[in-house]
Amino acid sequence: MEETFPAALPFPPGVLHFPEGLPGFENLTDFTLLQEEQLLPIVFLVSVSEPRISFPAVPVQQLRPHYELQLGEEDRLLLGLDEAEAAAGNLLCLAILNLGEGTQPATANLFAPLVVNPKNWTAKQVIQFDSSHSTAAEV
Amino acid sequence: MLVFRRQQGESFMVGDSVEVRILEISRGQVKIGVVAPREVAIYRSEIAHLNRQAAIGDTNDPRVQRALTAVQKTLAGKKD
(Lines give C-alpha, C1' and ligand atoms only; values in the text may rest on other atoms or scores of the structure.)
Protein backbone atom coordinates (compact mmCIF):
# COMPACT_ATOMS: atom_id res chain seq x y z
CA MET A 1 0.00 0.00 0.00
CA GLU A 2 3.06 2.26 -0.01
CA GLU A 3 2.38 5.27 -2.18
CA THR A 4 5.02 6.20 -4.68
CA PHE A 5 6.10 9.79 -5.10
CA PRO A 6 9.03 11.55 -6.76
CA ALA A 7 12.15 10.37 -4.98
CA ALA A 8 13.40 13.93 -4.66
CA LEU A 9 10.50 14.87 -2.40
CA PRO A 10 10.85 13.93 1.25
CA PHE A 11 7.13 13.35 1.88
CA PRO A 12 4.27 11.93 -0.13
CA PRO A 13 1.78 14.56 -1.32
CA GLY A 14 -1.22 15.00 0.91
CA VAL A 15 -3.37 17.26 3.05
CA LEU A 16 -2.52 17.80 6.70
CA HIS A 17 -5.49 17.99 9.04
CA PHE A 18 -5.16 20.10 12.19
CA PRO A 19 -8.27 19.28 14.28
CA GLU A 20 -7.66 22.39 16.42
CA GLY A 21 -6.41 24.62 13.61
CA LEU A 22 -3.21 26.58 14.11
CA PRO A 23 -2.87 29.09 16.97
CA GLY A 24 -3.81 32.44 15.45
CA PHE A 25 -5.60 30.65 12.60
CA GLU A 26 -8.01 28.43 14.47
CA ASN A 27 -10.44 28.38 11.54
CA LEU A 28 -7.84 26.89 9.18
CA THR A 29 -7.74 23.15 9.75
CA ASP A 30 -6.51 21.71 6.47
CA PHE A 31 -3.27 22.44 4.68
CA THR A 32 -1.80 21.01 1.51
CA LEU A 33 1.87 20.13 1.97
CA LEU A 34 3.38 21.76 -1.08
CA GLN A 35 6.90 20.75 -2.07
CA GLU A 36 8.91 22.32 -4.86
CA GLU A 37 12.10 20.55 -5.69
CA GLN A 38 14.14 23.73 -6.17
CA LEU A 39 13.25 25.05 -2.70
CA LEU A 40 13.74 21.86 -0.67
CA PRO A 41 14.18 21.35 2.23
CA ILE A 42 11.69 24.22 2.57
CA VAL A 43 8.09 23.03 2.19
CA PHE A 44 4.84 25.00 2.29
CA LEU A 45 1.63 24.47 4.14
CA VAL A 46 -1.05 26.03 1.98
CA SER A 47 -4.48 26.51 3.53
CA VAL A 48 -7.14 24.54 1.69
CA SER A 49 -9.95 26.96 2.55
CA GLU A 50 -7.84 30.13 2.12
CA PRO A 51 -5.17 29.29 -0.47
CA ARG A 52 -3.67 32.77 -0.19
CA ILE A 53 -2.43 31.90 3.28
CA SER A 54 0.60 29.68 3.50
CA PHE A 55 3.43 28.91 5.89
CA PRO A 56 6.97 27.99 4.90
CA ALA A 57 8.42 25.24 7.07
CA VAL A 58 11.49 23.05 7.35
CA PRO A 59 11.83 19.54 8.79
CA VAL A 60 13.16 20.03 12.31
CA GLN A 61 15.87 17.42 11.72
CA GLN A 62 17.34 19.66 9.02
CA LEU A 63 18.04 22.30 11.66
CA ARG A 64 18.69 20.12 14.72
CA PRO A 65 19.60 16.53 13.84
CA HIS A 66 19.27 15.49 17.49
CA TYR A 67 16.02 17.31 18.24
CA GLU A 68 14.02 15.47 20.88
CA LEU A 69 10.29 15.96 20.65
CA GLN A 70 8.16 16.06 23.79
CA LEU A 71 4.67 14.74 23.20
CA GLY A 72 2.17 14.62 26.05
CA GLU A 73 -0.59 12.04 26.26
CA GLU A 74 -3.29 14.50 25.23
CA ASP A 75 -1.37 15.40 22.06
CA ARG A 76 -0.58 11.75 21.36
CA LEU A 77 -4.28 10.86 21.49
CA LEU A 78 -5.30 13.83 19.35
CA LEU A 79 -2.84 12.69 16.69
CA GLY A 80 -4.20 9.16 16.86
CA LEU A 81 -0.93 7.56 17.94
CA ASP A 82 -0.52 4.63 20.28
CA GLU A 83 2.36 4.72 22.76
CA ALA A 84 4.64 2.57 20.62
CA GLU A 85 4.12 4.78 17.57
CA ALA A 86 4.76 7.94 19.58
CA ALA A 87 7.93 6.45 21.05
CA ALA A 88 9.20 5.19 17.70
CA GLY A 89 10.05 8.76 16.75
CA ASN A 90 9.18 8.50 13.07
CA LEU A 91 6.72 11.36 13.25
CA LEU A 92 7.03 14.15 10.76
CA CYS A 93 8.12 17.26 12.59
CA LEU A 94 8.22 20.67 10.90
CA ALA A 95 9.40 24.04 12.16
CA ILE A 96 7.55 27.07 10.80
CA LEU A 97 9.91 29.59 9.20
CA ASN A 98 9.56 33.29 9.82
CA LEU A 99 11.22 34.92 6.82
CA GLY A 100 11.69 38.20 8.66
CA GLU A 101 11.21 41.66 7.24
CA GLY A 102 13.74 43.81 5.45
CA THR A 103 17.20 42.91 6.63
CA GLN A 104 16.03 40.71 9.52
CA PRO A 105 17.33 37.16 9.16
CA ALA A 106 14.91 34.26 8.80
CA THR A 107 14.20 32.24 11.94
CA ALA A 108 12.55 28.93 12.74
CA ASN A 109 10.12 28.18 15.54
CA LEU A 110 11.66 25.18 17.28
CA PHE A 111 9.66 25.79 20.45
CA ALA A 112 6.36 24.92 18.78
CA PRO A 113 6.93 22.45 15.93
CA LEU A 114 4.17 21.05 13.75
CA VAL A 115 3.91 17.35 14.53
CA VAL A 116 2.31 15.07 11.96
CA ASN A 117 1.19 11.48 12.31
CA PRO A 118 2.40 10.11 8.95
CA LYS A 119 -0.25 7.37 9.01
CA ASN A 120 -3.33 9.58 9.01
CA TRP A 121 -1.85 13.06 8.33
CA THR A 122 -3.36 14.43 11.50
CA ALA A 123 -1.27 17.30 12.83
CA LYS A 124 -0.87 19.67 15.73
CA GLN A 125 1.43 22.52 16.66
CA VAL A 126 2.92 21.13 19.86
CA ILE A 127 4.45 23.57 22.34
CA GLN A 128 7.67 22.21 23.88
CA PHE A 129 7.02 23.56 27.38
CA ASP A 130 9.99 22.04 29.12
CA SER A 131 12.56 22.69 26.45
CA SER A 132 15.02 25.51 25.90
CA HIS A 133 14.25 25.61 22.16
CA SER A 134 13.76 29.05 20.73
CA THR A 135 10.66 30.40 19.02
CA ALA A 136 13.05 32.26 16.74
CA ALA A 137 16.04 29.98 16.22
CA GLU A 138 18.68 31.10 13.77
CA VAL A 139 18.42 29.25 10.47
CA MET B 1 -2.03 49.74 37.78
CA LEU B 2 1.13 48.79 39.58
CA VAL B 3 4.14 50.57 38.12
CA PHE B 4 7.76 49.87 38.97
CA ARG B 5 11.18 49.81 37.39
CA ARG B 6 13.48 46.95 36.56
CA GLN B 7 16.92 46.85 35.01
CA GLN B 8 18.17 44.48 32.38
CA GLY B 9 18.72 41.04 33.90
CA GLU B 10 16.25 41.56 36.73
CA SER B 11 12.94 39.83 37.13
CA PHE B 12 9.70 39.92 39.06
CA MET B 13 7.04 37.41 40.03
CA VAL B 14 3.34 37.51 39.18
CA GLY B 15 1.65 35.37 41.81
CA ASP B 16 3.61 32.35 43.00
CA SER B 17 4.18 30.70 39.66
CA VAL B 18 4.91 33.24 36.95
CA GLU B 19 8.31 34.90 36.69
CA VAL B 20 8.91 37.73 34.24
CA ARG B 21 12.54 38.38 33.31
CA ILE B 22 13.81 41.51 31.60
CA LEU B 23 16.37 39.91 29.31
CA GLU B 24 17.51 42.78 27.16
CA ILE B 25 16.76 46.44 26.61
CA SER B 26 17.97 48.07 23.43
CA ARG B 27 16.85 50.72 21.00
CA GLY B 28 13.36 51.17 22.38
CA GLN B 29 12.67 47.42 22.56
CA VAL B 30 12.42 45.20 25.60
CA LYS B 31 13.10 41.47 25.36
CA ILE B 32 11.05 39.67 27.99
CA GLY B 33 11.26 36.08 29.18
CA VAL B 34 8.32 34.47 30.94
CA VAL B 35 8.72 31.36 33.09
CA ALA B 36 5.24 30.01 33.71
CA PRO B 37 3.44 26.73 34.24
CA ARG B 38 2.13 25.15 31.06
CA GLU B 39 -1.49 25.95 31.74
CA VAL B 40 -0.77 29.66 31.51
CA ALA B 41 -2.18 30.85 28.22
CA ILE B 42 0.62 33.28 27.43
CA TYR B 43 2.47 30.58 25.50
CA ARG B 44 -0.47 30.05 23.16
CA SER B 45 -0.95 33.74 22.44
CA GLU B 46 2.77 34.12 21.73
CA ILE B 47 2.66 31.18 19.32
CA ALA B 48 -0.43 32.72 17.64
CA HIS B 49 1.46 36.00 17.28
CA LEU B 50 4.46 34.20 15.75
CA ASN B 51 2.24 32.27 13.35
CA ARG B 52 0.62 35.49 12.15
CA GLN B 53 4.09 36.93 11.52
CA ALA B 54 5.18 33.82 9.64
CA ALA B 55 2.11 33.56 7.39
CA ILE B 56 2.78 34.46 3.79
CA GLY B 57 0.03 36.10 1.75
CA ASP B 58 1.70 35.81 -1.62
CA THR B 59 4.44 33.27 -2.23
CA ASN B 60 5.22 34.89 -5.60
CA ASP B 61 6.15 38.20 -3.98
CA PRO B 62 9.78 38.80 -5.08
CA ARG B 63 10.80 39.65 -1.50
CA VAL B 64 9.38 36.32 -0.32
CA GLN B 65 11.11 34.49 -3.13
CA ARG B 66 14.44 36.16 -2.31
CA ALA B 67 14.10 35.28 1.38
CA LEU B 68 13.18 31.69 0.59
CA THR B 69 16.10 31.27 -1.77
CA ALA B 70 18.48 32.70 0.84
CA VAL B 71 17.22 30.28 3.50
CA GLN B 72 17.36 27.39 1.08
CA LYS B 73 21.00 28.20 0.28
CA THR B 74 21.91 28.38 3.96
CA LEU B 75 20.25 25.04 4.66
CA ALA B 76 21.82 23.38 1.64
CA GLY B 77 25.20 24.61 2.88
CA LYS B 78 24.62 23.04 6.29
CA LYS B 79 24.31 19.57 4.80
CA ASP B 80 27.90 19.51 3.56
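Below, chain A is the first sequence line, B the second, and so on; all start at residue 1. Remember, predicted model here, so these are calculated numbers, not experimental data.
For Ile127(A), the part lying near chain B is the side chain, with the backbone staying farther off; criterion is any non-hydrogen pair under 4.5 Å. Using a 4.5 Å cut-off between heavy atoms, Glu101(A) makes no contact with chain B at all.
Crowding of Glu73(A) atom CD: a count of heavy atoms from other residues, nucleotides or ligands under 6.0 Å not exceeding 12.
Ala86(A) and Arg76(A) make their closest contact through CB-CD, 3.6 Å (heavy atoms, listed as atom of the first residue, atom of the second, distance). Closest non-hydrogen pair, Leu63(A) versus Val58(A), comes out as CG-CG1, 4.3 Å.
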Exercise answer: donor-acceptor pairs, residues 42-52 of chain A side-chain atoms, under 3.5 Å, sequence neighbours excluded:
| from | atom 1 | to | atom 2 | distance (Å) |
| --- | --- | --- | --- | --- |
| Ser47(A) | OG | Ser49(A) | N | 3.4 |
| Ser47(A) | OG | Glu50(A) | N | 2.9 |

Please report, to 0.1 Å, the donor-acceptor pairs under 3.5 Å made by any side chain of residues 11-24 of chain A, with sequence neighbours excluded.
| from | atom 1 | to | atom 2 | distance (Å) |
| --- | --- | --- | --- | --- |
| His17(A) | ND1 | Asp30(A) | OD1 | 2.9 |
| Glu20(A) | OE1 | Lys124(A) | NZ | 3.4 |

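At a threshold of 4.5 Å between non-hydrogen side-chain atoms, the residues Leu97(A) and Val139(A) count as touching. Inter-residue side-chain proximity for Asn98(A) and Asn109(A) is flagged as unmet; no heavy-atom pair is nearer than 4.5 Å. Under the 4.5 Å side-chain criterion, counting only non-hydrogen atoms from C-beta, Met1(B) is in contact with Val3(B). Under the 4.5 Å side-chain criterion, counting only non-hydrogen atoms from C-beta, Asn27(A) is not in contact with Thr29(A). Annotation: side chain of Pro105(A) is not in contact with side chain of Glu138(A) (no heavy-atom distance under 4.5 Å).
Scanning residues 11-28 of chain B against chain A with a 4.5 Å heavy-atom cutoff picks out nothing at all. Applying a 4.5 Å heavy-atom cutoff, the residues of residues 50-69 of chain B that approach chain A are Leu50(B), Asn51(B), Arg52(B), Gln53(B), Ala54(B), Ala55(B), Ile56(B), Gly57(B), Asp58(B), Thr59(B), Val64(B), Ala67(B), Leu68(B), Thr69(B).
Across His49(B), Glu46(B), Arg44(B), the residue that shares the most heavy-atom pairs under 4.5 angstrom with chain A is Arg44(B).
The aromatic ring centres of Phe129(A) and Phe111(A) sit 6.0 Å or more apart.
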